[in-house]
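Below is one structure, written out as structure tokens, with a few remarks after it.
In what follows, every chain begins at residue 1, and chains take the letters A, B, ... in the order their sequences are listed. Hydrogens, waters and symmetry mates play no part in the numbers below; they use all other heavy atoms, side chains included.
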Protein chains: 4
Amino acid sequence: MTQLDAPPKLGRKRDLTRDPEILDAALEVLSEVGYEGMTIDMVATRAKAGKATVYRRWDSKAELVIDAVACMKQADLEPDKLPDTGTLRGDLLAMIKPRTIDESERKLRVMAGLMSLIASSPELAETAHAAIVEPRLAVNRLFLQRAIDRGEISADVDVELIASISQSMVSYRVLMLRKAMKPEYMRSVIDNIVLPAVGLGR
Amino acid sequence: MTQLDAPPKLGRKRDLTRDPEILDAALEVLSEVGYEGMTIDMVATRAKAGKATVYRRWDSKAELVIDAVACMKQADLEPDKLPDTGTLRGDLLAMIKPRTIDESERKLRVMAGLMSLIASSPELAETAHAAIVEPRLAVNRLFLQRAIDRGEISADVDVELIASISQSMVSYRVLMLRKAMKPEYMRSVIDNIVLPAVGLGR
Amino acid sequence: MTQLDAPPKLGRKRDLTRDPEILDAALEVLSEVGYEGMTIDMVATRAKAGKATVYRRWDSKAELVIDAVACMKQADLEPDKLPDTGTLRGDLLAMIKPRTIDESERKLRVMAGLMSLIASSPELAETAHAAIVEPRLAVNRLFLQRAIDRGEISADVDVELIASISQSMVSYRVLMLRKAMKPEYMRSVIDNIVLPAVGLGR
Amino acid sequence: MTQLDAPPKLGRKRDLTRDPEILDAALEVLSEVGYEGMTIDMVATRAKAGKATVYRRWDSKAELVIDAVACMKQADLEPDKLPDTGTLRGDLLAMIKPRTIDESERKLRVMAGLMSLIASSPELAETAHAAIVEPRLAVNRLFLQRAIDRGEISADVDVELIASISQSMVSYRVLMLRKAMKPEYMRSVIDNIVLPAVGLGR
DNA sequence: CGATAAACGAGACGGTACGTCGCGTCTTCTG
DNA sequence: CAGAAGACGCGACGTACCGTCTCGTTTATCG
């Protein structure tokens, strides 16, 4: 992670334009050869940077990748761009768009590459979670809260638990079963699991 | 995976007692330093074996680890030791035993370390799936089928999908949210998600 | 070498007091860690200067060092301070003073550090030679010429060759044999080699 | 330096054929790009070896080079191949052969590259001296001793000093003055300096 | 029973990425 | 604008691990 500690006044300033360039290069390489195949040299070379410049900003390959992934901002998840169809089912189904699905799947696969690192570094895990997992959960939480507010579903449901269903199912399918994240599957999860769980049975 | 290909008659027999010793050493190291931190040398040294002896049995670090995890035989999952309480809920809840939970969690964490490898090797993924994921799924499938057979739940439910719910939720919680696999949580998943999904609402 | 090219009128004048300070710092570091161990950063830091200030004055580490050594002005070698005893032997022996010896030895050791650079850069070699080797040769040449002029030795002697004897012997002893530059040794060289070579046998 | 410490019985033996191959590669690279330009990777690649294999045998670039140079055995300097003309002058002149000169010059140039390292490592210096400088001195010592034995020159001459004259002059010329090691020059040194020094004046 | 062949512990091998450090240049701010 | 501080691109350093190969030894089976 880029640490900014004390205010460094003297000397040449970090060239802040290099950060996104390096992160972009990292994402590029990452999507081409995966985490294991990725090399700091590859990233540096592609960003026309020296290795030292990379290591000056991130302490290790893992931290660089985490930051890179964190910067994969998913525009579709921004509050003002979220659907508001009037029904929980409508909202949930509205999130099943090719672009959204695709980005999610890419994030998940990157996350997979990081799992082993995450396992041995709580702080790294936290960053990864905040960047990749949390945003998607927040969306589901919002949909559920709106449904509660409009009386569509009971206020007793465990929002946190229900919000994580679709993410769990999708992660499992993609990472463990290694199957693609198909729209049909997502629809099936919503209709057969999420909605019954909130009392909106078939 | 231990390959036995052609019948090798000549020469010294492979010392079969070394297999479990090496696997145990692997599990030990694995739990201490994680997949990334683990070294074939570490495992070999700890098992008082040579690296060649390890590589004669497994083609790569990844395969060794998968086998090691697969060999964490979960006695609880063997067909004849499974509960049969007469109700789906009873069966599912009966699986929530400290020992079972603990073993599952360990397996999952090891699986996490392998994710990046799995991502780049379909066959490795298949092996890992068969060894770690599938057994647990089979149990759920069995429970569901029995419930269908006894008319407790509709024969229309998507057994495959429902069977994967608890595994998905638990994996997500452990790997992504990095929280422990508590019994309360598992009960909550069963009562609030699985059962509603098969029409056995609250 | 300090290059002054065109007369720079505009802006702040180059602080000429920095030159000797940097050179002194260079000599200091040089004597502590040797040429290989010396770093431009070390020199700059010790002189409380920036690296750019150093590089504005010298094109490379090697040139800085050469200049530093060249600036170890050996007052003893200035024409008007040279001995003139009336005999070649007297002149040569008169140069054997602790301070002179010491300075020569230090110069030689620094020169050693530069050898590899010198080997790959004729111009650098030329500079180093002019700064370190030549002054000492000039003295010997002068002594020999005076001896010829006063008829002490034959005009046929190869002045250039003879002048280089003592320097050669001393360099070899210090650099190759790694022995100190003792007065006895120098006297021995003069009496047993130089003087016989010009026909002034024992 | 290759250390052999305790007798290592277990495990695969060092492939002793790799040593000379690596040393040869080192000498090759050395003569092409010089000490500064030489890279361990270059040497390893050229010897079709891994870097680790090089570092397993030598602790640093410097030690590798020293050893490489030490292995530049000069066949001409072996006792039984030395000339024995019956006169000191004859013996000395007999050493002025193109091949001998050439090898000496190469050694000297390599030595130059090592000077900076030598300056900061007495043991390295010792090795370099024994490998490069000493053999040549031994030859001169032998010639002088034979001359003394046959009564050609006085037994009073400082053999050690005289033996080092030609080496000193040649080193100086090659390294400091950066001139080639010409036969005429060597003859001049013998006739004008060495012989007068032992009382065999013109 | 001796020969043969494979397995064994140990560790060297070729290869490749790691993270560090120095060079010489470039950029920023301060006096 | 010179100067101090320090980031930059580059590239070598020496280390560590991978998966393979070789050594000397042990252990089984075959002839």
**Prompt:** Is any side-chain nitrogen or oxygen of D/K51 closer than 4.0 Å to OP1 or OP2 of E/dT16?
**Reply:** no
**Prompt:** Taking OP1 and OP2 of F/dT20, is either one under 4.0 Å from a side-chain nitrogen or oxygen of B/Y55?
**Reply:** no
**Request:** Using a cut-off of strictly less than 4.0 Å, decide whether A/R18 has a side-chain nitrogen or oxygen near OP1 or OP2 of F/dG9.
**Result:** yes
**Request:** Would you mind classifying the nucleic acid contact of C/M38 as base, sugar-phosphate or nothing, using non-hydrogen atoms under 4.0 angstrom?
**Result:** sugar-phosphate
**Phosphate OP1/OP2 of F/dG3 contacted by C/R57 side-chain N/O (<4.0 Å)** = yes
**Item:** Considering all heavy atoms, the nearest C/V69-C/L27 contact
**Value:** N-CD2, 4.3 Å
**Prompt:** Are A/K13 and F/dG6 close enough that a side-chain N or O sits under 4.0 Å from OP1 or OP2?
**Reply:** no
**Prompt:** Just checking C/A52: base, sugar-phosphate only, or nothing, at a heavy-atom cut-off of under 4.0 Å?
**Reply:** base
**Item:** Heavy-atom donor-acceptor pair, B/R12 side-chain to E/dC8 base, under 3.5 Å
**Value:** no
**Item:** Pair A/E32 + A/R46, salt bridge at N-O below 4.0 Å
**Value:** yes
**Prompt:** Taking C/R106 for the side chain and C/S31 for the main chain, is one N or O donor matched with an acceptor at less than 3.5 Å?
**Reply:** no
**Message:** Heavy atoms only, 4.0 Å cut-off, all strands: where does C/K48 land among base, sugar-phosphate and nothing?
**Reply:** sugar-phosphate
**Asked** Is the shortest side-chain N/O distance from B/T53 to OP1 or OP2 of E/dG9 below 4.0 Å?
**Response** yes
**Item:** Phosphate contact (E/dC23 OP1 or OP2) by C/K61 side-chain N/O below 4.0 Å
**Value:** yes
**Prompt:** Phosphate oxygens OP1/OP2 of F/dG3: is one of them under 4.0 Å from a side-chain N or O of C/R56?
**Reply:** yes
